[in-house]
Amino acid sequence: MATVKVFIPTYRRHALLKRSIRSLQAQIFKDWVAEIHNDDPEDEFPSAFINSIGDSRFTVNNHRYNLGAVASFNLMYKPTDATYVCLLEDDNWWEESW
């Protein structure tokens, strides 16, 4: 398991999701995995985009129904084998280094 698990909730913000994912890929630290939570069961974009970039560190969890922001954020606190867990919302991004 990776050292860091990055949780990325998203809901119909395709351009912003692309930006947040690209910012994660640009990080100097590379020992991470990312779990994208698509909160729109009708939206196929998150899965299609992740498939197109071919980065096996990403997985997509397509919710069966819209959970809303709070319930989606709460999924981040499920047990994991990663040492650290962090949140990167689809409308935010990380600089390459600081």
Side-chain angles (χ1 to χ4, degrees):
M1 178 47 112
T3 302
V4 178
K5 184 173 187 177
V6 182
F7 181 82
I8 306 173
T10 190
Y11 183 80
R12 295 184 190 178
R13 299 196 281 198
H14 303 161
L16 297 175
L17 178 62
K18 282 182 176 181
R19 181 182 67 182
S20 68
I21 287 171
R22 288 186 178 128
S23 79
L24 177 55
Q25 289 180 301
Q27 295 303 299
I28 294 166
F29 182 80
K30 301 292 185 187
D31 187 21
W32 54 263
V33 293
E35 186 175 292
I36 298 166
H37 281 261
N38 177 17
D39 204 26
D40 180 2
E42 306 282 323
D43 187 3
E44 297 176 7
F45 176 82
S47 293
F49 180 67
I50 292 304
N51 288 336
S52 77
I53 63 174
D55 190 332
S56 63
R57 294 175 294 180
F58 289 94
T59 59
V60 179
N61 182 335
N62 292 300
H63 298 173
R64 288 188 291 157
Y65 57 91
N66 180 272
L67 299 175
V70 174
S72 291
F73 287 167
N74 286 339
L75 294 173
M76 183 178 120
Y77 298 102
K78 285 185 168 183
T80 181
D81 291 336
T83 305
Y84 302 100
V85 177
C86 61
L87 175 66
L88 175 60
E89 295 100 334
D90 63 359
D91 62 342
N92 289 318
W93 71 94
W94 292 339
E95 299 296 327
E96 288 184 41
S97 63
W98 340 323

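Nothing here was measured: the structure is a model prediction, and the numbers come from that model.
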Should Ile53 and Arg22 count as side-chain neighbours, where that means a heavy-atom distance under 4.5 Å?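 Side-chain contact under 4.5 Å: no.
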
Taking side chain as C-beta onward, heavy atoms only, is Phe49 less than 4.5 Å from Val60?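 A side-chain contact is absent here, since even the closest heavy-atom pair is not under 4.5 Å.
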
Do you reckon Leu17 sits in the same ILVMFWY cluster as Tyr11, going by side-chain contacts under 4.5 Å, direct or chained? no

Quick check: closest heavy atoms across Leu24 and Ala34, and the distance to 0.1 Å? CD2-CB, 3.7 Å

Heavy-atom neighbours of Lys30 NZ exceed 12 at 6.0 Å: yes

Greater than 12 external heavy atoms within 6.0 Å of Gln25's CD: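 Yes - once you tally the heavy atoms of other residues, nucleotides and ligands closer than 6.0 Å, there are more than 12.
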
Residues in side chain to side chain donor-acceptor pair (under 3.5 Å) contact with Glu35, at least two apart in sequence or another chain: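 Here the qualifying residues are Lys5, His37.
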
Roughly how far, to the nearest 0.5 Å, is the [atom2] atom of [Y] from the [atom1] atom of [X]?
| X | Y | atom1 | atom2 | value |
| --- | --- | --- | --- | --- |
| Met1 | Asp31 | CE | CG | 10.0 Å |
| Glu44 | Asn51 | CD | CG | 11.0 Å |
| Ile8 | Cys86 | CD1 | SG | 8.5 Å |

Quick one: does any side-chain atom of [X] pair with a main-chain N or O of [Y] as donor and acceptor, under 3.5 Å?
| X | Y | result |
| --- | --- | --- |
| Asp39 | Gly68 | yes |
| Asn92 | Leu88 | no |
| Asn38 | Ser47 | no |

Within 45 degrees of the ring normal and closer than 6.0 Å to the centroid, is that where the cationic atom of Arg57 sits relative to Trp32?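 Geometry flag: set, cation within 6.0 Å and 45°.
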
I need the single residue from Asp90, Ile21, Asp91 that forms a side chain to side chain contact (heavy atoms under 4.5 Å, CB included) with Thr10. Which is it?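 So the option named by the test is Asp90.
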
Remaining members of Leu67's ILVMFWY cluster at a side-chain heavy-atom cut-off under 4.5 Å?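 Reading the cluster by chain and number, Leu67 sits alongside Phe7, Tyr65, Phe73, Leu75, Met76, Tyr77, Val85, Leu87.
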
